[in-house]
Number of protein chains: 4
Amino acid sequence: MSIEAPIAKAPQRARGVQRVAELLDAGAALFAENGYETTTMTQIAQRAGASIGSLYQFFPSKEALAEALFVRYVERVASMLEDLAKRAPGLPPPRLADRLIDLMLKVRSDRDSAAALSGSVSGIVERRKSLRGATRRQIAAILRAASPRLREKAAAEAAAMIGHVLKLVPTLAKEQEDGGQPLVPQVRKMLAAYIECVVKR
Amino acid sequence: MSIEAPIAKAPQRARGVQRVAELLDAGAALFAENGYETTTMTQIAQRAGASIGSLYQFFPSKEALAEALFVRYVERVASMLEDLAKRAPGLPPPRLADRLIDLMLKVRSDRDSAAALSGSVSGIVERRKSLRGATRRQIAAILRAASPRLREKAAAEAAAMIGHVLKLVPTLAKEQEDGGQPLVPQVRKMLAAYIECVVKR
Amino acid sequence: MSIEAPIAKAPQRARGVQRVAELLDAGAALFAENGYETTTMTQIAQRAGASIGSLYQFFPSKEALAEALFVRYVERVASMLEDLAKRAPGLPPPRLADRLIDLMLKVRSDRDSAAALSGSVSGIVERRKSLRGATRRQIAAILRAASPRLREKAAAEAAAMIGHVLKLVPTLAKEQEDGGQPLVPQVRKMLAAYIECVVKR
Amino acid sequence: MSIEAPIAKAPQRARGVQRVAELLDAGAALFAENGYETTTMTQIAQRAGASIGSLYQFFPSKEALAEALFVRYVERVASMLEDLAKRAPGLPPPRLADRLIDLMLKVRSDRDSAAALSGSVSGIVERRKSLRGATRRQIAAILRAASPRLREKAAAEAAAMIGHVLKLVPTLAKEQEDGGQPLVPQVRKMLAAYIECVVKR
DNA sequence: AATGAATGAGTCTTCATTCAT
DNA sequence: TATGAATGAAGACTCATTCAT
């Protein structure tokens with residue numbers, strides 16, 4: 001279930017492959033820090049230790065870089081959800097909630113950049129719906145694996161809701177680390193309560 | 001509880017008041033549609049039927065306009081929370097959850113523009129913490145009014161969490177209207193379950 | 001018979017009108033000197049004594065400026081041909097050839113820039129056919145006014161040929177001035193001979 | 001009468017000779033299609049099925065490639081004029097005109113690319129005068145061979161004029177093929193008339 | 001006070017050319 | 001020798017902000 005990675009020219013030499021990874025990482029970091037519009041291509045190239053020309057050798061536009069980044073994020077999440085699906089059967093709601101939240105904590109840094117992109121890059125806005133659909137289907141499948149009695153429709157609705165809540169996780173973790181309230185435990189509690197409530201009858 | 005509104009020059013005539021409102025509305029609509037960076041001052045002036053010079057007569061910079069907009073939003077929310085506080089005593093969790101969500105649905109359009117600004121405008125990012133604190137204190141007060149046995153600390157934590165969830169509401173409503181899942185009932189359910197869970201000991 | 005002048009924003013103040021003219025002249029001169037691709041927008045602005053931003057205030061793109069220039073040229077030629085049409089009746093071939101060539105000598109500087117644009121600007125390439133058609137119809141009308149017995153089809157063919165020859169005139173004049181052969185008298189001779197040959201039966 | 005061809009390194013193997021030809025052809029086609037400035041070295045290499053590095057192995061710069069192309073064109077024309085010179089004695093004006101025009105029709109594709117270069121490449125602009133002089137001397141010689149009584153000065157002037165007219169031929173042919181007027185017969189007529197007129201007395 | 005024009009730093013992107021493997 | 005990668009100067013264009021009428 002791989003998504004087209006919109007790289008300009010697939011690198012054909014070892015050096016090129018490395019460069020692409022460096023550029024992607026630099027982009028992710030800067031987009032997360034300063035947002036899509038505010039981040040300049042020159043900054044990205046600089047942080048990756050490359051020249052601007054080198055950046056454009058692999059990504060034909062700022063938007064293409066953003067899309068590649070987004071695809072990378074979506075694929076990572078998809079693969080982690082796939083793993084979770086295997087362990088889902090029989091998982092009680094609180095455990096399930098914890099697993100989902102742990103997953104988001106793992107992809108935190110990627111999520112931060114993806115969040116910065118999802119509203120700003122038109123190419124992403126367009127694909128968004130279908131990508132979101134795929135993720136939700138995975139979550140719904142996990143829910144039904146954990147609670148086989150759950151109806152398909154109820155699972156779909158809950159999955160959508162859960163998807164939205166999960167997006168909050170990185171923000172909450174950030175706030176907590178910055179000396180705010182202990183919000184991660186709160187989401188855990190909230191998500192567990194919600195799943196429990198959905199599952200019961 | 002009025003916050004300094006960074007307007008260039010307090011409009012001295014009725015016409016001026018109207019102009020400011022028009023400009024603010026135009027800004028709100030465009031920021032919500034296209035984001036802060038992508039929206040130009042010229043666009044805002046045009047949509048408000050004003051000249052660019054006129055816009056700068058009232059708002060000395062793009063950031064000032066954004067801040068005024070944000071302040072307007074925060075004040076509206078604060079006043080609505082104040083109202084809710086009066087009716088809070090004795091409200092059972094599901095009712096309380098519904099009231100909070102209804103409130104967010106009322107300020108939806110304002111919230112959309114505020115969301116576009118909160119990460120992009122440095123002036124807002126800075127004030128954010130204190131503004132957020134005020135809102136949370138209001139929510140905490142409401143929680144304790146509804147459930148007097150709730151400890152102060154627990155109320156503070158729950159209020160923070162609830163604040164984050166409430167921010168999702170406009171997005172969920174939008175998705176629902178666009179033919180997606182019925183997400184508003186889901187948040188209602190989730191928030192009710194969470195509050196219930198928090199309140200119980 | 002006016003053609004849409006693709007100016008970005010029609011200037012609304014006296015200063016703006018003057019600026020547009022200055023920019024157009026600067027563009028014409030530079031395109032003629034260095035060609036379309038080689039001429040930079042910054043150069044144009046500089047030669048017009050304006051800032052780059054000022055240039056873009058009136059012409060939204062390099063191509064738009066080029067098109068405006070081309071339109072100006074075409075309109076000037078059209079109006080001169082219209083004048084010539086009035087004096088055409090009864091004009092013997094050599095006189096007619098001379099009048100046409102004189103006309104081209106008058107628009108020389110404009111023609112030089114138009115020539116630089118006609119192959120390079122896609123917007124112009126597209127309109128080219130229709131504009132050319134109009135010019136040819138004017139020339140054909142002139143031919144038939146001068147020689148009433150000329151058939152319509154023969155006039156159309158000759159007009160097309162004459163149009164091409166006339167385009168050479170500025171180049172020939174330039175070469176002659178630069179110390180080359182006296183080519184202008186030669187085209188006069190050639191064009192006269194050709195018209196005579198076309199007209200005879 | 002070979003002109004120095006500015007090739008980087010004379011290809012030493014058969015494969016190299018073929019490569020050079022392929023690159024030259026690719027360049028000719030692209031320059032004719034899109035013009036000198038708009039055509040990129042990468043495009044040329046691609047169309048020739050070579051790598052950019054390979055292209056630079058044979059031509060040290062874009063300008064060098066253009067010059068080589070131009071030289072090839074000039075040499076072909078020169079050799080064809082030489083052939084024509086042999087058959088010129090006694091040729092009546094209309095025949096002569098036809099021969100010259102036929103010649104241009106034969107080199108059409110080369111001429112198209114040469115035309116794209118002649119104004120854009122400074123190296124060519126410089127040599128242009130001398131090359132043009134050579135061509136004109138050939139044409140003048142042909143004229144005098146056909147009409148021995150023609151004075152040297154008159155021949156030189158006519159040759160220059162004829163050179164300019166001949167450059168139009170490919171354009172006219174193109175227009176004719178694209179469904180326009182039958183212009184090639186018209187130039188034939190025109191050139192015949194002109195030569196006749198020059199020759200008489 | 002109101003408005004259109006002016007400004008120019010800053011952004012994305014291209015492309016001829018050079019390098020290193 | 002052949003090829004992909006690296007480089008960076010340069011160009012079109014944008015837009016917040018300031019001016020002048």
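As the structure is a computational prediction, the values presented were derived from the model and not from experiment. Labels below follow one simple rule: chain letters A, B, ... track the order of the sequence lines, proteins then strands, and each chain is numbered from 1.
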Residues E67(B) and R72(B) bridged, charged N to O under 4.0 Å: no
Under a 3.5 Å limit for both distances, which nucleotide forms a Watson-Crick or G-U wobble pair with dA2(E), could you say? dT21(F)
Checking T39(D) side chain against L30(D) main chain: does a donor-acceptor pair fall under 3.5 Å? yes
Separation of dC15(F) P from K62(B) NZ (nearest whole Å): 8 Å
Could you say whether A50(D) or R19(A) is positioned toward the 5' end of DNA chain F, judged by the nucleotide with the nearest heavy atom to each? A50(D)
When both distances are under 3.5 Å in a Watson-Crick or G-U wobble arrangement, the nucleotide paired with dA16(F) is dT7(E)
Interatomic distance where CZ belongs to F59(D) and P belongs to dC15(E) [whole Å]: 21 Å
Which is true for T39(A) with a 4.0 Å heavy-atom rule: it touches a base, it touches only sugar-phosphate, or it touches nothing? sugar-phosphate
Between CD1 of I52(D) and C1' of dT3(F) the distance, given in whole Å, is 11 Å
Roughly how many Å is it from OH in Y56(C) to C1' in dA9(E), rounded to a whole number? 15 Å
Need one value for S54(B): base, sugar-phosphate or nothing, where a base atom within 4.0 Å counts as base even if backbone is also close, heavy atoms only. base
Nearest 0.5 Å, please: how far is CG in L55(C) from CG in L23(C)? 5.5 Å
Please give, in whole Å, the distance from dC15(F) C1' to E37(A) CD? 13 Å
dC12(E) -> Watson-Crick or G-U wobble partner, both distances under 3.5 Å, gives dG11(F)
Between T38(B) and E37(A), is there a side-chain donor-acceptor contact under 3.5 Å, judged purely by atom types and distance? yes
